[in-house]
Amino acid sequence: MNPNDEVIAGARDRALERIAAAAVEADLEAVRVEVLGRKGLLAGVSKDFGKMAPEERARMGKLLNAVKQEVETALESRKAAFASAALAARLDSEWLDLTLPAPPPRRGSLHPVTLIQTEIEDLFISMGFTVLDGPEVETEEHNFDALNIPGDHPARDAQDTFWLTDGNLLRTHTSPVQVRGMRKLGPPLRMIAPGRVFRNEEVDASHEHTFYQLEGMMVDRDVSVAHLIFFMKTLLTSIFRREVTVRLRPGYFPFVEPGFELDIQCLICGGPGCPVCKQSGWVELLPCGLVNPNVLRMSGIDPEQWNGFAFGLGLTRLAMMRYAIDDIRLLLGGDLRFLNQF
Ligand code: DAH
């Protein structure tokens, strides 16, 4: 027997064994090179062909071809198995069910200050008031002088002002919109003006450099403190959704005479005193008063014919009370964990 028979059979067995045991596709290529390659085991055998008798050469050639074929077929089918396993793994990981309902869109919500603001706007619109807007960059005249606060007036010191280099300023309150309203619309006038105001304040849990107020003004004939109290009580009852008890104390603002601080009876303790009202039973909320005749005159309204009331609600403060928010910085922070609660 030709010793090449044994070489061929051994090469075949080893090749089939390694093909079956291949863990990755690269293993197959190594087997192919080693067995079928130009310098592979089987190629070694064909080198001896020259020394063989013709019929022996023919038999060897046939055998060699048969083994080559067998190894090639085994390689191909193992290769196909690797490919289909890879495809299955890919389909598994990239699987997508197009019939599933889409995730719902993420819905935004209104900021707590906006919620209160729109509520108050709706209420005042229902009572015949107009909602006005004014610029956040104001002139000194609108913010101070026309409100009876001339340049040398000590009341200017009470509002730490951001002055701009051109002599204008960031409005320190919404009261300049009173002036704009009176000058533009004239009497009789019922207006509110919600908006952002700015003060050069040290920031802490209850102070911000940027916060919201809501200004209100009514100019008509024979307006009295009784009218003022009526509208303020209506406002507070609607916001707090219950009857609130109010009291007026004298308060000084150059643009009203008389001027008041309107307090509400503490909604937490109902009167006897608690930490929220600092044991007084009352919470200061709403400065207001009857419009100073000088203010009417400076905006072209005859104080002999007309008078009115005005108020300046701390909108930010009110939102904090209504929603029990104990740090003002949350309102400007843009933290979604906070905002998502509204
Ligand atoms: N503008 C005042 C402030 O920011 C608040 C104020 C007080 C407004 C009395 C008014 C008012 O309209 O009548 O301190």
Side-chain angles (χ1 to χ4, degrees), residues 113 120 124 129-132 134-136 138-150 153-162 169-183 189-201 206-220 223-233 235-236 246-264 283-296 298-299 301 303 306-318 328:
V113 171
I120 298 176
F124 275 96
F129 283 68
T130 306
V131 182
L132 294 184
E136 292 174 347
E138 261 297 6
T139 63
E140 180 178 357
E141 202 263 337
H142 283 112
N143 196 84
F144 290 126
D145 300 81
L147 290 165
N148 210 25
I149 318 174
H153 199 287
R156 286 207 178 187
D157 294 338
Q159 303 188 350
D160 288 314
T161 307
F162 287 115
L169 48 82
L170 297 185
R171 66 178 178 189
T172 56
H173 49 181
T174 43
S175 302
V177 191
Q178 289 184 17
V179 176
R180 291 179 177 275
M182 285 186 288
R183 291 179 182 175
L189 173 67
R190 292 183 192 195
M191 54 150 280
I192 57 168
R196 212 152 55 139
V197 302
F198 309 87
R199 295 204 192 164
N200 195 354
E201 297 262 6
S206 48
H207 297 89
E208 259 292 6
H209 48 70
T210 303
F211 53 99
Y212 288 80
Q213 291 187 338
L214 186 136
E215 195 76 14
M217 177 181 237
M218 173 168 168
V219 178
D220 212 313
V223 176
S224 71
V225 173
H227 295 112
L228 170 62
I229 293 175
F230 166 78
F231 281 104
M232 297 305 95
K233 274 198 83 159
L235 165 63
L236 296 169
V246 304
R247 74 170 184 192
L248 291 182
R249 284 179 296 124
Y252 176 70
F253 303 94
F255 34 94
V256 282
E257 181 57 37
F260 306 107
E261 290 286 357
L262 187 145
D263 302 337
I264 61 170
V283 177
E284 192 179 308
L285 195 64
L286 235 180
C288 53
L290 295 185
V291 182
N292 189 305
N294 286 339
V295 171
L296 294 172
M298 279 186 276
S299 287
I301 297 175
W306 304 94
N307 71 339
F309 68 74
F311 62 92
L313 180 66
L315 208 50
T316 300
R317 184 110 176 265
L318 190 66
I328 194 172

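Order of appearance sets the numbers: ligands from 1, and atoms from 1 within every ligand.
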Enumerate, one pair per line, all nitrogen or oxygen atoms of ligand 1 lying under 3.5 Å from a protein nitrogen or oxygen, stating the separation to 0.1 Å; write 'none' if no such pair exists.
from: ligand 1; atom 1: 1 (N); to: H173; atom 2: ND1; distance (Å): 2.8
from: ligand 1; atom 1: 1 (N); to: S175; atom 2: OG; distance (Å): 2.9
from: ligand 1; atom 1: 4 (O); to: R199; atom 2: NH2; distance (Å): 2.9
from: ligand 1; atom 1: 4 (O); to: Q213; atom 2: NE2; distance (Å): 3.0
from: ligand 1; atom 1: 12 (O); to: Q178; atom 2: NE2; distance (Å): 3.1
from: ligand 1; atom 1: 12 (O); to: E215; atom 2: OE2; distance (Å): 2.6
from: ligand 1; atom 1: 12 (O); to: F311; atom 2: N; distance (Å): 3.3
from: ligand 1; atom 1: 12 (O); to: F311; atom 2: O; distance (Å): 3.2
from: ligand 1; atom 1: 13 (O); to: A310; atom 2: O; distance (Å): 3.1

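In this structure the side chain of I301 never reaches within 4.5 angstrom of the side chain of V291, judged on heavy atoms.
Remark: P254 pairs with N148, I149, H153, A155, Y252 by the side-chain contact (heavy atoms from CB on, under 4.5 Å) rule, at least two apart or across chains. Every residue meeting the ring pair (Phe, Tyr, Trp, His ring centres under 6.0 Å) condition with F124, not counting sequence neighbours, appears here in chain and number order: F129, F311.
Atom CG of L290 is separated from atom CG of L228 by 6.5 Å, given to the nearest 0.5 angstrom.
Salt bridge present: E138 and R180 bring a charged side-chain N and a carboxylate O closer than 4.0 Å.
Applying the side-chain hydrogen bond (donor to acceptor under 3.5 Å, both in side chains) test to residues at least two apart or on different chains, the pairs with a partner in residues 190-200 are E136-R196.
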